[in-house]
Amino acid sequence: MASAIPVGFRALPLPIIQLSLAAVLKCGQSFRWSAFPLILADHSGTNIDHSVPTHEYRFCLRDRLVCLRQSSDTLFYRSIFPDSPLPPLEEVKREGETLIWLKDYFQLDVDLVKLYDEWSTKDPVFARLRSRFAGIRMLRQDPWENLVSFICSSNNNIARITKMVNALCKHYSPPLVSVPPPSVQTRLPSPVLDDEGDVQADAYHPFPPPSRLAQPDVASTLRSLGFGYRAEFIQKTAKMLVEARPSSPSTSESLEPSEKWLTTLRTTSTEEARQELLKFIGVGPKVADCVLLMSLDKREVIPVDTHVHQIAMKHYGLRSAAGGKKANMTPKLYEEVNQRLFAIWGDYAGWAHTVLFTADLKSFSSYGLPPPSPVPTPTKERRSADTFGPALTATLALTASPSPSTRKRGRPPASRTPLLSGDQNPVIDTQLPNVLQTFADHTESSEGASLADRVKKRRRVAKTVIVRA
DNA sequence: AGAGTACCGGTG
DNA sequence: ACCGGTACTC
């Protein structure tokens with residue numbers, strides 16, 4: 001049965017193995033996507049029909065709410081604006097913009113299957129996972145939102161980070177639109193009586209700009225919102241950013257200068273960008289690396305936390321001097337883990353790391369069998385005891401990591417096969433010209449700088465930090 | 001320099 | 001206790 005296009009949506013042909021919304025939007029990259037079930041869970045719990053979307057996902061941008069649904073071979077999208085409905089011509093134009101945003105945000109010009117193939121040949125551990133954890137790719141997020149979100153992430157869990165980020169948006173930016181949740185389809189023809197009049201619309205708030213969070217009272221307010229000690233971090237970081245690049249009074253609608261500056265770090269070297277990020281309060285090695293990877297195009301960067309450390313020890317033969325479970329994450333250890341994993345995965349190591357990381361989330365331990373299926377119900381995030389499923393005790397005969405001087409980081413994109421096959425019917429998007437911004441060719445000249453080195457130097461002394469050549 | 005500790009909630 | 005870390009001190 002040819003899957004019907006949901007009313008109001010447009011269709012983009014896209015195999016689910018290239019992008020699994022269910023996995024990617026809920027695995028701790030972005031914390032601002034909301035998910036709605038579209039189908040009442042049937043009691044058997046089996047035989048889920050993947051030709052029909054099971055969920056709708058929503059994300060609030062500056063000027064529009066983006067709504068997504070996904071079937072096994074199609075991504076459905078639509079936008080909702082404060083002033084909709086729009087004139088037909090205007091709507092076509094705006095949906096074109098949304099499509100461009102989608103391709104950029106999901107980095108759809110990167111062939112994920114090709115990457116999976118490459119990782120599989122290099123890494124038997126990955127090869128065993130790939131079928132169960134397909135479609136997990138790196139988002140290309142807004143750097144400012146990404147930075148704030150991951151300042152929140154320190155010593156924290158996904159559920160709480162999500163609450164915090166949502167509270168922050170609700171408190172510091174006005175609602176853009178209010179939209180009722182999508183209607184749920186029941187399997188049986190007898191419709192459950194839903195008091196149609198009572199369905200309350202959810203308000204969607206964009207992410208607030210730096211200037212809004214730079215105000216002094218923000219710290220105490222965020223504290224009262226449950227941010228803990230991160231409240232001060234956020235306010236101080238916003239203040240630093242705004243003071244370094246003040247907004248001119250006239251800029252109203254576009255990005256603030258500080259946001260634009262953050263985005264320019266996409267075209268700088270990884271090391272240079274990292275040093276800039278480490279200047280901010282509340283940003284240490286882990287958070288900096290998350291931002292580098294998730295919004296600044298540094299796809300080779302592997303953020304190392306205790307879980308990644310565990311994974312490296314369990315599956316990749318990492319035996320640290322200070323090994324053992326209770327080893328503190330020292331800069332030295334951080335670099336060890338980082339280097340070991342980079343040696344295995346190479347250029348897109350950060351992307352590979354995210355697949356493994358997601359696979360290690362308990363909420364994804366039951367992530368469908370091949371081909372990928374949506375996550376059952378958002379369960380609580382937790383690490384699974386036996387990660388990666390049964391029989392993964394393969395000890396790897398790992399070759400020694402390349403010396404720091406030989407390791408190459410940040411090479412230009414490798415695989416760029418277009419995924420989107422075009423020409424469908426009018427409602428379906430045809431292949432658009434590739435308007436996506438491609439990565440700048442930031443070939444590293446500073447290969448010698450090890451993480452251990454760069455972590456040593458601390459913020460505020462950063463003026464002394466010179467990127468080595 | 002490198003190790004140790006406090007920190008804000010939440011979870012097990 | 002443990003935690004998807006960081007700032008600060010010694």
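Chain identifiers are assigned alphabetically (A, B, ...) following the order of the sequence lines, protein sequences preceding nucleic acid strands; residue numbering begins at 1 within each chain. Atoms considered below: every heavy atom in the structure, side chains included; atoms not considered: hydrogens, waters and symmetry mates.
- Within the nucleic acid shown, A:R230 comes within 4.0 Å of at least one base atom, counting heavy atoms only.
- Listed for the A:R32 side chain is no donor-acceptor partner under 3.5 Å among the backbone atoms of A:E145.
- In terms of position along DNA chain C, the nucleotide closest to A:H353 lies nearer the 5' end than the nucleotide closest to the other residue of the pair A:K236 and A:H353.
- Remark: C:dG4 base-pairs with no nucleotide in the shown strands. Criterion, Watson-Crick or G-U wobble with two distances under 3.5 Å.
- Picking from C:dG5, B:dG4, B:dC8 the nucleotide with the shortest atom distance to the side chain of A:T306 gives C:dG5.
- Contact check, A:S154 against C:dT6: no side-chain N or O comes under 4.0 Å of OP1 or OP2.
- For the C1' atom pair drawn from C:dG4 and B:dA3, the interatomic distance equals 22 Å after rounding to whole Å.
- Among C:dC3, C:dT6, B:dA3, the nucleotide with an atom closest to any side-chain atom of A:T330 is B:dA3.
- Within 4.0 Å of A:V308, counting heavy atoms only, lies no atom of the nucleic acid at all.
- Taking a cutoff of 4.0 Å between a charged side-chain nitrogen and a carboxylate oxygen, A:R223 and A:E232 qualify as a salt bridge.
- In this structure a side-chain-to-backbone donor-acceptor pair under 3.5 Å is present from A:K298 to A:R266.
- Base engagement by A:G28 is indicated by at least one non-hydrogen atom pair under 4.0 Å involving a base atom.
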